[in-house]
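Chain letters run A, B, ... following the sequence lines, proteins first and then strands; every chain starts at 1. Since the structure is predicted, the reported quantities are computational estimates derived from the model, not experimental observations.
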Number of protein chains: 2
Amino acid sequence: MDKKELFNQFVAFTAAVHQVTHELTQNVKIDNITPVQYKILEYIKVSQSVTPTEISDCLHMSLPNTSRELRKLQDRKFIKKISDTEDRRKHYVCLTEDGEKIMEEAFDSIEDRFLQLIQHASNNDLEDIHHALNILDEKVFNLKL
Amino acid sequence: MDKKELFNQFVAFTAAVHQVTHELTQNVKIDNITPVQYKILEYIKVSQSVTPTEISDCLHMSLPNTSRELRKLQDRKFIKKISDTEDRRKHYVCLTEDGEKIMEEAFDSIEDRFLQLIQHASNNDLEDIHHALNILDEKVFNLKL
DNA sequence: CCATTTTGTTATCAAATGATAAGTAATGGA
DNA sequence: TCCATTACTTATCATTTGATAACAAAATGG
C-alpha cells in the first residue's frame with residue numbers, strides 16, 4: 001500500500017467532508033449567531049461539561065476571545081456558568097433551556113439533511129458506512145499527534 | 001441499523017475530521033497568507049484550471065470578495081490569470097512558479113504530519129483505511145444533496 | 001442592432017475574528 | 001506567609017471576512 005497514494009486520497013476525502021458539512025449546516029441559521037458562536041454551542045452540546053479553557057483549547061481560540069464570545073452567549077441566555085465547588089476559579093459552562101432548544105432544532109435540521117443524504121442507502125450500505133466510520137475513527141482520526 | 005445512531009456517529013466523526021485537518025495544517029504558515037487565501041491556493045492546486053466564478057461557488061464566497069483575494073494573490077505573484085480565447089469574459093486562474101513552490105512545500109509539510117499520524121499502522125491497517133475512505137466517499141460524501 | 005445575461009472588477013462599509021496587555025481571584029507550594 | 005501559577009475577565013486594536021452597490025466588457029438571443 002503506497003502511503004503517498006493514501007495521502008492524496010486523504011486530502012480529497014477531507015475536502016469532501018468539509019464540503020458536505022458545510023452543505024449540511026449552511027441552512028442552520030439561528031438568528032444572529034456567528035459561526036464561532038455556533039461552534040461553541042455545538043461543542044458544549046456534544047460534551048457533557050466544559051470549562052472555558054477546554055473550549056479555548058479544542059476550538060483553537062485564545063482564552064480572552066473565548067471569554068468574550070461566552071459572555072455574548074450568556075447575555076443572550078443560551079448558556080450559563082456554574083463555578084466549581086472545589087476549585088472556584090473553574091467555571092463549568094452549560095446550555096440553558098433556551099440553548100438546548102435552539103441546538104436541538106439545529107441538530108434536527110442537520111439530521112434531516114443527513115437522512116436525505118443517505119436516503120438511498122440499503123441496510124447493508126448503512127452497516128458498511130458504520131463500519132468504515134469506526135475504522136477511520138480508530139486508525140486515523142482519534143490518534144494524538 | 002439505526003439511522004439516528006449513525007447520525008450521531010457521523011457528527012462525532014466530522015468533528016474529529018475537522019480537528020485533525022486543523023492540526024495537520026496549522027503549522028503551515030506561508031508568510032502573511034490568510035486562511036481564505038490559503039483555501040483558494042489549495043483549491044487552484046488540486047483543480048486543473050479554475051475560473052473566479054468556480055472558486056466563488058466552491059468556496060462559498062461572493063464573487064467580489066473572491067476577486068479581491070485573487071488580486072492580492074496576484075499582486076504577490078502566487079497566481080496568474082489567463083483569459084479564455086473563446087469567451088473573453090472568462091479568466092482561468094492558475095499558480096505561478098512561486099505559487100507552485102509554496103503549495104508544494106505546504107503539501108509536503110502536511111504529508112509529513114499525515115505520515116506521522118499513521119506511522120504505527122500496519123500494511124493491513126492501511127488497506128483498511130483505504131477501503132473505508134472509498135466506502136464513505138462513494139456512499140456518503142460524494143453525493144449531491 | 002438592441003436588450004439581457006454572464007463574468008468579472010472596484011469601492012466601501014460593517015461585522016467577525018485574532019492578538020495582546022493588564023488585571024482579579026483562587027490555588028498551591030516553598 | 002508569600003510567591004508563582006492557574007483560570008478567567010475586561011479592554012483595546014488590527015486584520016480578516018462578508019455584504020452590497022455600481023460599473024464595464026463580452027456574449028447571447030431575439
Q. Can you list the steps and then say if S109(B) with D112(B) is a side-chain hydrogen bond (donor to acceptor under 3.5 Å, both in side chains)?
A. CA-CA 5 Å; S109(B) 121; D112(B) 281 353; over 6 Å; no

Q: Please state how far atom CG in D57(B) lies from atom P in dT6(C), giving the value in whole angstrom units.
A: 13 Å

(Q) From NZ of K72(A) over to C1' of dT9(D), roughly how many Å is that when rounded to an integer? (A) 14 Å

Q: Let me know the distance between CD1 of I30(B) and P of dT16(D), rounded to the nearest Å.
A: 14 Å

Q.
What's the closest nucleotide to the side chain of R68(B) if the choices are dG18(D), dT20(D), dA16(C)?
A. dG18(D)

Q) Between CG of L6(B) and CG of D125(A), what distance do you get to the nearest 0.5 Å? A) 11.0 Å

Q) Could you give the distance from CZ (F114(B)) to OG1 (T21(B)), rounded to the nearest 0.5 Å? A) 12.0 Å

Q: Decide whether Q9(A) and D137(B) meet the rule of one side-chain donor and one side-chain acceptor closer than 3.5 Å.
A: no

Q. P64(A) near the nucleic acid: base, sugar-phosphate alone, or nothing, with a heavy-atom cut-off under 4.0 Å?
A. base

Q) Once you round it to whole Å, what is the distance between P of dT17(D) and OH of Y38(B)? A) 14 Å

**Q.** Residue whose closest nucleotide on DNA chain C lies nearer the 5' end, N65(B) versus E69(A)
**A.** N65(B)

Q: Using a 4.0 Å heavy-atom cut-off across all strands, classify T66(B) as base, sugar-phosphate, or nothing.
A: nothing

Q) Hey, what do you get for CG (L115(B)) to NZ (K3(A)), rounding to the nearest 0.5 Å? A) 6.0 Å

**Q.** Nearest to side-chain heavy atoms of R71(A), which nucleotide of dA19(C), dT17(C), dT10(D)
**A.** dT10(D)

Q: Please state how far atom CD in Q74(A) lies from atom C1' in dC8(D), giving the value in whole angstrom units.
A: 12 Å

Q: Return the value, rounded to whole Å, for the distance between atom CG of D75(A) and atom P of dT9(D).
A: 12 Å

Q.
Just N and O in the side chain of T34(A): are any of them under 4.0 Å from OP1 or OP2 of dA15(C)?
A. no

Pairs of donor and acceptor atoms involving the side chains of residues 40-47 of chain A, under 3.5 Å and at least two apart or interchain, shall be tabulated with distances.
from, atom 1, to, atom 2, distance (Å)
E42(A), OE1, K39(A), NZ, 3.3
K45(A), NZ, E100(A), OE1, 3.4
S47(A), OG, Y43(A), O, 2.8

**Q.** Whether E54(B) side chain and T51(B) backbone form a donor-acceptor pair below 3.5 Å
**A.** yes

Q | Interatomic distance where CG belongs to L63(B) and P belongs to dT9(C) [whole Å] | A | 7 Å

Q: From the options dA16(C), dT20(D), dT20(C), select the nucleotide whose nearest atom is closest to the side chain of S62(B).
A: dT20(D)

Q | Rounded interatomic separation in angstrom, taking CD1 from I79(A) and C1' from dC8(D) | A | 13 Å

Q | Contacting residues from residues 81-93 of chain B, given that a heavy atom lies under 4.0 angstrom of DNA chain D | A | E86(B), D87(B), R88(B), R89(B)

